[in-house]
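What you see below is based on every heavy atom in this structure, not just the backbone, and it leaves out hydrogens, waters and symmetry mates. Index from 1, following the sequence.
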Amino acid sequence: SLSYFRAIFSLYDAKFYVKADDDIYLRPDRLSTLLAKNFSHPRLYIACMNLGNHVITDPEHKWFEPSSNLLGDKYFIYGLGTLYCLSTEVVEIIAALKNDSLRILNNEDANVGLWMLAFNVEHVDTAQLCMPECTENYIAVQMQYCGACDIEKRMVDLHDSDICSKN
């Protein structure tokens, strides 16, 4: 995440920088509309926020957190890593940091959420960024909700449905 935001900040001059997983069905037009709103705070973290997930302490688990002894039983608020947006001022702070100045957690989404707590950002929580299905106002559909389905086929099916692509 640190390398990504440094690289993208050095390459592009933008109002917001977006990190999105490759297994989402995204409506870029709606994302642009969301990001074009007038926000009052210069340090923004826009995401589908998650609060209270248990910290995984089992070393055999995929999402094991080696720093669990520092975190307690549950994670703090953080945006789901499916899709989140950071304002320029936030990414500028990240880009300027020295490599060893941030604690790095194993879970990327929680890691960025930890940084956001340190940077005193405004958290903007929107479920539109993590919908299980297409709706009238969705921005992104998470493929994780399809379970063991064929994600590529699921993407095509979503694209072919009227509510997803013709709305």
Mind checking the CG-CG spacing from Leu34 to Asn137? Nearest 0.5 Å is all I need.
11.0 Å

Hey, are the side chains of Ile94 and Leu2 touching, using non-hydrogen atoms and a 4.5 Å cut-off?
yes

Is there a side-chain contact between Tyr138 and Tyr25, using heavy atoms and a 4.5 Å cut-off?
yes

Side chains of Leu129 and Gln142: closer than 4.5 Å at any heavy-atom pair?
no

Side chains of Met143 and Val141: does their closest heavy-atom pair fall under 4.5 Å?
yes

For the CD atom of Glu122 and the OG atom of Ser40, what is their distance to the nearest 0.5 Å?
5.0 Å

Please give the remaining members of the hydrophobic cluster of Ile56, linking ILVMFWY side chains under 4.5 Å, ordered by chain and number.
Trp63

Take atom NE2 of His41 as the centre, draw a 6.0 Å sphere, and report whether it contains more than 12 heavy atoms from other residues, nucleotides or ligands.
yes

Do you know the tightest heavy-atom contact between Ser101 and Leu97?
OG-CB, 3.6 Å

When you measure from the side chain of Trp115 to the backbone of Ile104, do you find a donor-acceptor pair of N or O atoms at a distance under 3.5 Å?
no

Taking salt bridge (Lys or Arg N to Asp or Glu O under 4.0 Å) as the test, write out the residues that go with Glu89, two or more places apart.
Arg43

Within residues 70-105 or reaching into it, pairs that qualify as disulfide (SG to SG under 2.5 Å) - sequence neighbours excluded:
none

Donor-acceptor check, side chain of Arg27 to backbone of Cys164, threshold 3.5 angstrom: yes or no?
yes

So, do Asn50 and Asp109 sit near enough that their side-chain heavy atoms are less than 4.5 Å apart?
no

Just by modelled atom types, is the Tyr75 backbone N or O under 3.5 Å from a matching donor or acceptor in the Asn53 side chain?
no

Can you list every pair that meets disulfide (SG to SG under 2.5 Å) and has a residue in residues 16-66, with sequence neighbours left out?
Cys48-Cys130

Kindly say whether Leu105 contributes a backbone atom to a donor-acceptor pair with the side chain of Asn111 at under 3.5 angstrom?
yes

Do you know the tightest heavy-atom contact between Ala47 and Gly79?
CB-CA, 3.5 Å

Residue pairs, two or more places apart or on separate chains, that pass salt bridge (charged side-chain N to carboxylate O under 4.0 Å, His left out) and touch residues 49-71:
none

Taking CG in Asp73 as the centre, count heavy atoms belonging to other residues, nucleotides or ligands within less than 6.0 Å. Is the count above 12?
no

Here the gap from Thr33 atom OG1 to Ile139 atom CD1, rounded to the nearest 0.5 Å, amounts to 8.0 Å

Which distance, rounded to the nearest 0.5 Å, do you find between the CD1 of Ile46 and the CG of Leu86?
9.0 Å

Answer whether the closest heavy-atom distance between the side chains of Phe9 and Thr88 falls below 4.5 Å.
yes

Side-chain heavy atoms of Val112 within contact of Tyr78, under 4.5 Å:
no

According to salt bridge (charged side-chain N to carboxylate O under 4.0 Å, His left out), does anything in residues 5-22 pair up with another residue at least two apart or in another chain? List the pairs.
Lys19-Asp21, Lys19-Glu108

Measuring from His123:NE2 to Met116:CE, what's the distance to the nearest 0.5 Å?
8.0 Å

Assigning hydrophobic clusters by single linkage (Ile, Leu, Val, Met, Phe, Trp, Tyr; side-chain heavy-atom cutoff under 4.5 Å), is Leu117 placed with Phe5?
yes

Is the backbone N or O of Val90 less than 3.5 Å from a side-chain atom of Tyr45, with the two atoms forming a donor-acceptor pair by type?
no

Quick one: does Asn106's side chain have a donor or acceptor within less than 3.5 Å of a partner on Pro66's backbone?
no

